[in-house]
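A short write-up of the structure that comes next.
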Amino acid sequence: MRPTGRTAVVGAARPRATRTVVRMAAVSEATTGVKRNPNLAKLGAGYLFPEIGRRRREHQEKNPDAKIISLGIGDTTEPIPKVITDALQGAAAGMNTKEGYSGYGAEQGMGGLRDKLASRFYDGLGIGSDEVFVSDGSKCDISRMLMLFGSDTSIAVQDPAYPAYVDSSVIMGATGVLNEETSQYNNITYMNCLKENGFFPDLSKANKTDLIFFCNPNNPTGACATREQLQSLVDFAKANGSIIVYDAAYAIYIEDGSPKSIYEIEGADECCIETCSFSKYAGFTGVRLGWTVVPNKLKFSDGTPVNKDWNRIMTTCFNGASNIVQAGGLACVTDAGFDAMMGLVTYYKENCKLIRECFVEMGFEVYGGVNAPYVWVGFEGRPSWDVFAEILQKCDLVTTPGSGFGPSGEGFVRVSAFGNRSDVEEAIRRLKKVYG
């Protein structure tokens with residue numbers, strides 16, 4: 001019996017190696033039978049801002065003592081005003097009481113908040129509370145809009161533009177593949193917004209499309225369209241039967257009397273959806289609260305109200321913004337809350353003025369920075385990513401390469417005014433030392 005036992009032990013050593021081989025094969029070869037979404041495979045490089053974060057981390061690892069300042073991604077830095085956080089705290093504390101507790105709310109948003117948003121931002125423009133839908137932010141709503149319109153939809157975007165418009169369209173299947181030579185996706189109309197045309201597209205050269213994504217004031221150029229330009233855009237959309245998705249994320253920064261809502265333009269309620277948020281208004285980038293306006297007059301080609309289908313999308317795909325956060329939103333649109341928000345806006349606009357003046361004094365080509373919290377700086381003849389890398393290397397300063405917003409952004413970098421004042425002043429000192 002003992003020899004048999006020894007034989008068993010010796011024999012057991014062989015399967016051990018075999019099991020190891022099988023296990024390694026399982027790790028490298030095991031798959032499901034589910035095909036990958038081919039639209040995700042069409043996406044080019046990683047989404048712009050995570051890529052910037054990756055390069056920043058690499059620079060920090062190589063230079064552990066460097067004090068990196070970020071004027072890149074556009075994240076707010078200053079504390080949310082107390083009149084707003086008091087409301088947030090009160091709503092959170094109330095959840096611990098029978099009187100203050102609330103569960104699921106309306107997917108479209110609290111009625112009181114919808115009323116206040118309509119009266120605060122669209123007073124006299126004919127927008128009712130039933131046309132205002134509260135959400136967790138414009139970026140999320142943009143993706144839901146593409147779900148609303150479906151993949152069989154032609155799309156136009158400003159170039160340069162906020163990358164979420166294009167990337168979300170690709171994921172939804174509304175585009176062709178990426179053209180490596182042009183860095184543009186097939187089946188998307190890129191409306192060039194260049195310094196030669198004041199960063200407003202030449203609509204006479206634009207193709208007819210179903211949707212037009214239009215951000216005003218523009219991210220990244222900081223350009224703000226005039227009333228006449230916006231009227232031409234609305235007229236263009238109506239003539240072509242298009243719908244404009246109007247991103248008004250920075251409208252509160254407009255100071256020269258230009259329209260702050262697309263609904264100030266005649267006929268816009270028949271061809272425009274407007275989306276906005278408290279991210280850059282009240283510092284809600286991490287709190288998350290926005291809204292989208294879908295007018296009752298806006299209809300599909302078969303006469304179905306777009307508002308009706310948008311309501312269906314929201315009730316199916318969204319359980320409503322946080323009740324606590326909506327309480328903060330209600331505080332934002334009170335007189336005291338709005339004044340406090342404008343205090344934040346003024347602070348960032350002062351940063352913008354300092355940044356703009358710095359680049360002007362150094363002799364650079366400078367745009368934006370007046371009606372928007374971004375300064376668009378030209379480095380003609382140089383690739384944007386090279387300029388980004390040089391500024392990071394020599395100044396320990398993060399900006400955003402213009403080409404990340406589209407081919408027409410090549411040769412520019414975007415500098416954000418969202419930063420602490422002392423950091424902005426230090427960034428200016430570093431820039432002047434290197435480029436002054």
Side-chain angles (χ1 to χ4, degrees), residues 36-56 58 72-74 139 142-143 146 151 153-203 205-215 218-223 245 247 365 367-368 374 376-392 398-416:
R36 183 188 183 197
N37 181 343
N39 298 314
L40 282 166
K42 288 190 294 189
L43 287 172
Y47 189 66
L48 174 61
F49 298 113
E51 176 63 18
I52 290 172
R54 184 188 68 80
R55 297 190 185 206
R56 172 183 173 157
E58 282 186 358
I73 291 178
K139 187 176 183 180
I142 288 166
S143 294
L146 287 160
S151 60
T153 303
S154 55
I155 291 167
V157 298
Q158 293 160 292
D159 181 19
Y162 181 49
Y165 310 139
V166 169
D167 286 12
S168 296
S169 300
V170 174
I171 293 170
M172 182 54 63
T175 76
V177 298
L178 179 69
N179 184 321
E180 298 290 348
E181 292 184 5
T182 63
S183 297
Q184 297 178 333
Y185 286 92
N186 295 330
N187 302 336
I188 286 187
T189 294
Y190 291 81
M191 303 185 298
N192 292 333
C193 297
L194 308 170
K195 61 182 181 180
E196 290 81 8
N197 58 12
F199 300 103
F200 187 85
D202 183 350
L203 298 175
K205 297 179 180 178
N207 296 331
K208 174 183 176 180
T209 60
D210 297 317
L211 299 182
I212 302 170
F213 283 98
F214 197 88
C215 180
N218 179 258
N219 175 17
T221 66
V245 177
D247 188 344
E365 215 179 352
Y367 304 94
Y374 300 120
W376 191 237
V377 185
F379 288 76
E380 194 166 352
R382 298 191 59 192
S384 296
W385 278 107
D386 288 357
V387 176
F388 165 87
E390 179 179 273
I391 294 174
L392 181 58
V398 177
T399 56
T400 306
S403 59
F405 298 97
S408 292
E410 188 64 276
F412 288 86
V413 295
R414 190 194 75 176
V415 186
S416 168

Item to check | Verdict with supporting geometry, Ile52 and Phe388, side chain to side chain contact (heavy atoms under 4.5 Å, CB included) | outcome: CA-CA 9 Å; Ile52 290 172; Phe388 165 87; 4.0 Å; yes
Next on the checklist: Test side-chain hydrogen bond (donor to acceptor under 3.5 Å, both in side chains) on Ser154 and Asp210; report intermediate values, then the result.
Outcome noted: CA-CA 5 Å; Ser154 55; Asp210 297 317; 3.1 Å; yes
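Going from atom OH of Tyr162 over to atom CG of Asp247 covers 8.0 Å, rounded to the nearest 0.5 Å. Atom OG of Ser169 and atom CG of Asn39 lie 11.0 Å apart (nearest 0.5 Å). Of the inter-residue distances, the one linking Met172 atom CE with Ser151 atom OG reads 7.5 Å to the nearest 0.5 angstrom. Taken from NZ in Lys42 to OG1 in Thr175, the straight-line distance is 4.0 Å, to the nearest 0.5 Å.
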Expected list for residues 398-408: side-chain donor-acceptor pairs under 3.5 angstrom, two or more places apart:
unit_1, atom_1, unit_2, atom_2, d
Thr400, OG1, Gly72, O, 2.8
Ser408, OG, Asp159, OD2, 2.9
Ser408, OG, Asn192, OD1, 3.1

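Residues passing the side chain to side chain donor-acceptor pair (under 3.5 Å) test with Gln184, sequence neighbours excluded: none.
Side-chain atoms of Tyr190 come within 3.5 Å of backbone atoms of Tyr185 as a donor-acceptor pair (strictly under, hydrogens ignored). The closest donor-acceptor contact from the side chain of Asn197 to the backbone of Leu194 lies under 3.5 Å. A distance-only check finds no donor-acceptor pair linking the side chain of Lys195 to the backbone of Gly378 [under 3.5 Å]. Judged purely by atom type and a 3.5 angstrom limit, Glu380 has no side-chain atom pairing as donor or acceptor with the backbone of Gly411.
For the side chain to side chain contact (heavy atoms under 4.5 Å, CB included) with Tyr374, the lone residue among Asn218, Asn219, Val415 that qualifies is Asn219. Checking Leu146, Val166, Asn187 one by one against Ile155, the side chain to side chain contact (heavy atoms under 4.5 Å, CB included) holds for a single residue, Leu146.
The shortest non-hydrogen separation linking Arg56 to Leu392 is CA-CD2, 4.4 Å. Nearest heavy-atom pair, Leu40 versus Ile171, reported as atom, atom and distance to 0.1 Å: CD2-CG1, 3.7 Å. The minimum heavy-atom distance linking Ser168 with Ser143 is given by the pair OG-OG, 3.4 Å. Residues Cys215 and Gln158 approach most closely at N-OE1, 2.7 Å, considering heavy atoms. Considering all non-hydrogen atoms of both residues, Ser384 and Glu410 come closest at N-OE1, 2.5 Å.
Residues Arg54 and Glu51 are paired through a salt bridge, judged by an N-O separation under 4.0 Å between the basic side chain and the carboxylate.
The list of salt bridge (charged side-chain N to carboxylate O under 4.0 Å, His left out) pairs with a residue in residues 176-193, not counting sequence neighbours, is empty.
With contacts defined as side-chain heavy-atom distances shorter than 4.5 Å, the pair Tyr367/Thr221 does not qualify. Taking the side chain as every heavy atom from C-beta outward, Ile212 and Met191 approach each other to under 4.5 Å. Counting heavy atoms from C-beta outward, Glu390 and Val387 have side chains that stay 4.5 Å or more apart.
In this pair, Phe412 and Trp376 present their aromatic rings parallel. The plane angle is below 30°, not in the 30 to 60° band.
Between Tyr165 and Phe214, the ring centre distance reaches or exceeds 6.0 Å.
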